[in-house]
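In what follows, chains are A, B, ... by sequence order, proteins preceding strands, each numbered from 1.
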There are 2 protein chains.
Amino acid sequence: MTKDDTMTIREMCDSFDVTPRTLRFYEAKELLFPIREGNKRLFTKRDRARLKLILRGKRFGFTLEEIRELLDLYHMDDSQVTQLSKTYDLALRHLAEMEAQRAELDEAIGELKNQIDWGAKELARRKRNETAA
Amino acid sequence: MTKDDTMTIREMCDSFDVTPRTLRFYEAKELLFPIREGNKRLFTKRDRARLKLILRGKRFGFTLEEIRELLDLYHMDDSQVTQLSKTYDLALRHLAEMEAQRAELDEAIGELKNQIDWGAKELARRKRNETAA
DNA sequence: GCGTTACATTACGTTAACGTCATCTTTCCT
DNA sequence: AGGAAAGATGACGTTAACGTAATGTAACGC
């Protein structure tokens, strides 16, 4: 990482385990805004923060478009505050969605554990029978 | 639902809020196994249980292929127990993945709440300034 | 000087998960 | 009988999120 706190595309790829194509794609979709030095991209701290959120959002099953809208909340400067309340509503909806997701995840984990217990017993039973035979 | 506990494709669609195309697609992918009466599909209780799990899995971001493998654990009869330990391992991996997902989800919810609080304060500040002006 | 990286742009290809016709039976109603 | 209604099959279309190949250029090592 250079002294001016920017990273090349390769450094970004190594840090976040993504391909160059992905970063260029995200720029085209206006999720990232690397500055240019000549024609080379330089990714700022802001880009890195955004990318972290993008990758997290993806793991939760949000689309890039949904993520793009949410990112505005995290990186809003004074000049954009006009849109704040709209974004604020969006964030609340996402929060509700995520908490519902967590509730269902808890339930699913419980059920899966039950099945695994059943599987464990089943394995034990088979072993007994083998030994007995 | 008929007396023999089966449902037509339409009843399934209404119950689970999916399209006929989706159910036929899942059958083609061997996720569901409706029986046939003439050429009409009849979905059993087992199909309904599987569909519920399929839709849940999708909400958690699993692919249909991943889900298909997991379904075997939930619907294993004695004749299939040979593959049990393989499926058991798979289930354990999925469980680990889901618990990791929950941990990250908790963190993300926390951060999002912070941002929302910031947004709420920002809105309040703007309102004060408007009133003051 | 010049070859090898490192990066760029352009453009066509790919996979998953269905959507959307178009065209046929089967069945039920009047 | 005859015409909707429900369901089936087959095939092509669509979107998201990149992959991949072709081609071009700028800087760096020796």
Side-chain angles (χ1 to χ4, degrees), chain A residues 1-44 47-48 50-71 94 97, chain B residues 1-44 47-48 50-71 94 97:
Chain A
M1 185 148 49
T2 58
K3 193 182 166 187
D4 63 340
D5 199 51
T6 70
M7 286 170 67
T8 74
I9 199 167
R10 187 97 298 275
E11 291 168 335
M12 285 291 278
C13 293
D14 293 346
S15 302
F16 291 91
D17 193 33
V18 294
T19 70
R21 177 68 174 98
T22 299
L23 294 179
R24 297 191 190 110
F25 181 75
Y26 289 168
E27 184 188 10
K29 286 294 177 97
E30 298 186 89
L31 290 161
L32 299 177
F33 307 95
I35 57 181
R36 297 299 178 111
E37 183 182 78
N39 61 353
K40 317 263 165 156
R41 278 166 250 261
L42 288 181
F43 295 86
T44 68
D47 290 316
R48 293 194 294 278
R50 292 176 72 96
L51 182 55
K52 185 182 171 189
L53 292 171
I54 293 168
L55 297 178
R56 165 181 289 168
K58 287 202 61 185
R59 284 194 293 277
F60 295 148
F62 293 121
T63 71
L64 291 182
E65 180 53 29
E66 290 170 329
I67 293 170
R68 201 182 54 73
E69 293 175 335
L70 260 184
L71 281 176
H94 272 264
E97 194 175 329
Chain B
M1 187 147 53
T2 58
K3 193 181 167 189
D4 63 340
D5 201 51
T6 72
M7 286 172 65
T8 74
I9 200 169
R10 188 96 297 279
E11 290 168 336
M12 286 292 279
C13 292
D14 294 345
S15 302
F16 291 92
D17 193 34
V18 295
T19 71
R21 178 68 174 96
T22 300
L23 295 179
R24 297 191 189 108
F25 182 75
Y26 289 169
E27 184 188 9
K29 287 295 177 97
E30 297 186 90
L31 290 162
L32 299 178
F33 307 95
I35 57 182
R36 295 302 178 107
E37 183 180 80
N39 62 351
K40 317 264 163 151
R41 277 167 249 259
L42 287 181
F43 295 85
T44 68
D47 289 316
R48 293 194 294 277
R50 292 175 73 96
L51 181 54
K52 185 182 172 189
L53 292 171
I54 293 167
L55 298 177
R56 165 181 291 168
K58 289 203 58 186
R59 286 194 291 276
F60 294 149
F62 293 119
T63 71
L64 290 184
E65 181 52 29
E66 290 169 328
I67 292 169
R68 200 181 56 72
E69 293 175 336
L70 260 184
L71 281 176
H94 272 264
E97 195 175 328

Could you pull out the protein-nucleic contacts involving nucleotides 11-13 of chain C (nitrogen or oxygen on both sides, under 3.5 Å)?
none

What are the atom names and distances for every N/O pair under 3.5 Å that joins the protein to nucleotides 21-28 of chain C?
none

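Listed by chain and number, the residues in a side-chain contact (heavy atoms from CB on, under 4.5 Å) with Glu37(B) are Leu42(B) (sequence neighbours excluded). Considering only residues two or more places apart in sequence or on other chains, Thr44(B) meets the side-chain contact (heavy atoms from CB on, under 4.5 Å) condition with Ile35(B), Arg46(B), Asp47(B).
Between the CZ atom of Arg10(A) and the C1' atom of dA27(D) there is a distance of 17 Å, given to the nearest Å. Whole-Å rounding puts the Leu42(A) CG to dC7(C) P distance at 10 Å. Between the CZ atom of Arg24(B) and the C1' atom of dG19(C) there is a distance of 12 Å, rounded to whole Å. Going from atom CD of Glu65(B) over to atom P of dC18(C) covers 14 Å, rounded to whole Å. If you take CG of Leu23(A) and C1' of dT9(C), they are 16 Å apart, rounded to a whole angstrom.
Proximity of residues 25-37 of chain A to DNA chain C (heavy atom under 4.0 angstrom from any strand atom) is restricted to Arg36(A).
The side chain of Lys58(B) lies closest to dA17(C) when the candidates are dG7(D), dT9(D), dA17(C).
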Under 3.5 Å, which donor-acceptor pairs do the side chains of residues 21-33 of chain B form with other protein atoms, sequence neighbours left out?
residue	atom	partner	partner atom	Å
Thr22(B)	OG1	Thr19(B)	OG1	3.0
Glu27(B)	OE1	Arg41(B)	NH1	2.1
Glu27(B)	OE2	Arg36(B)	NH2	3.3

